[in-house]
Amino acid sequence: MLRTEGLTLHYGGSQILYGVDVTAARGKVTCVMGTNGVGKTSLLKALSGSHPRSGGRYVLDGEEIGRANSHALARKGVAYVPQGREIFPFLTVAENLETGFACLPRGERRVPEEIFELFPILKEFLARRGGDLSGGQQQQLAIARALVTRPKLLLLDEPTEGIQPNIIKQIGEVIRRLRDQGDMAIVLVEQYFDFAFGIGDEFIVLERGAQKLRGRAGEIERDALLQAVSV
């Protein structure tokens with residue numbers, strides 16, 4: 001579904017990413033790991049189009065992508081759940097979900113019932129304002145809003161950050177269910193090691209904006225991966 005080769009990114013005069021290669025297949029979770037400040041979020045911003053990449057190839061579902069912005073990539077099937085969730089606090093849950101309609105053809109502008117099967121609390125709270133939800137409920141809303149767009153590629157930035165354990169477990173179950181449906185590729189940035197190791201099919205470790213380690217589940221040892229993300 002996704003392949004990048006030699007992806008680079010700059011903020012002003014500072015280079016943040018150095019030739020990063022990413023692959024993400026349908027029905028698989030690719031975990032991007034590393035300590036703070038190594039470029040994980042910048043990588044997702046480049047993949048989502050919210051920050052223009054400086055160079056490198058980007059192929060999505062067989063199509064070579066030029067310098068498309070976030071709206072253009074959303075229309076092509078890329079959905080991004082940013083760190084911090086960025087839901088609209090004064091809009092209701094229903095209205096937050098409906099913001100996902102912007103990149104859909106008019107005839108597809110509806111919230112699939114499956115979203116409420118994944119996140120039952122949202123159906124109960126449709127009339128509640130986003131800012132009145134707990135952190136865990138806001139995270140569920142942010143993921144649900146992304147799923148409204150029917151993505152081919154789902155980018156998740158630290159979905160467990162600041163979330164209570166029972167919601168982390170539920171989010172893990174949702175990611176597994178989405179993966180197992182087999183029609184979506186998922187790229188997950190995650191600091192919570194056990195969560196990432198338990199759910200990932202492929203792992204990429206970044207260090208100072210460059211790829212330090214890469215391997216598939218079953219081929220890379222847990223201790224080797226833990227050491228790589230801890231140094």
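The figures here come from the full heavy-atom set of this structure, side chains too, leaving out hydrogens, waters and symmetry mates.
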Does E64 CD have over 12 foreign heavy atoms under 6.0 Å away? yes
Answer whether the closest heavy-atom distance between the side chains of M184 and L147 falls below 4.5 Å. yes
Are V189 and L43 close enough, and set up right, to give a side-chain contact (heavy atoms from CB on, under 4.5 Å), and what steps lead you there? CA-CA 9 Å; V189 164; L43 176 61; over 6 Å; no
May I ask you to check whether over 12 heavy atoms, not counting those of R216, lie within 6.0 Å of atom CZ? no
With a 4.5 Å limit on heavy-atom distance, are the side chains of T30 and L2 in contact? no
Note: K212 and E207 closest approach over all heavy atoms is NZ-OE2, 3.5 Å
What are the two closest non-hydrogen atoms of S50 and Y80, and how far apart are they? OG-CE2, 3.9 Å
What I want to check is whether the side chains of T160 and E190 have a donor and an acceptor closer together than 3.5 Å. yes
For a 4.5 angstrom cut-off between non-hydrogen side-chain atoms, does Q83 reach K40? no
Going by side-chain contact (heavy atoms from CB on, under 4.5 Å), L154 matches just one of L188, V187, V81. Which one? V81
Measure the shortest side-chain to side-chain distance between L47 and L73 over non-hydrogen atoms and say whether it is less than 4.5 angstrom. no
Looking at every non-hydrogen atom in both residues, tell me the closest pair between N166 and Q164 and how far apart they are. OD1-CG, 2.9 Å
Within the 4.5 Å heavy-atom criterion, are I143 and I175 side-chain neighbours or not? no
Would you call the rings of Y11 and H51 parallel, tilted or perpendicular, where under 30° means parallel and over 60° means perpendicular? perpendicular
Which heavy-atom pair separates H10 from S54 by the least distance, and what is that distance? ND1-OG, 2.7 Å
Non-hydrogen side-chain atoms of Q137 and I121 separated by less than 4.5 Å: yes
Does any non-hydrogen side-chain atom of T92 lie less than 4.5 Å from one of F125? no
hydrophobic_cluster_shared for V32 and L213, side chain cutoff 4.5 Å: no
State whether the number of non-hydrogen atoms from other residues, nucleotides or ligands found under 6.0 Å of R208 atom CZ is greater than 12. no
Minimum heavy-atom separation for V29 to I199, with atom names? CB-O, 3.7 Å
May I ask you to decide whether R214 forms a salt bridge with D21, counting only side-chain N to carboxylate O separations under 4.0 Å? no
For the side chain of K152 and the backbone of M1, is there at least one donor-acceptor N/O pair under 3.5 Å apart? no
Taking all non-hydrogen atoms of both residues into account, name the closest pair between R179 and I186 and its distance. N-CD1, 4.0 Å
Within a radius of less than 6.0 Å around NZ of K45, do more than 12 heavy atoms belonging to other residues, nucleotides or ligands occur? no
Just wondering, do L226 and F197 contact through their side chains at under 4.5 Å, heavy atoms? no
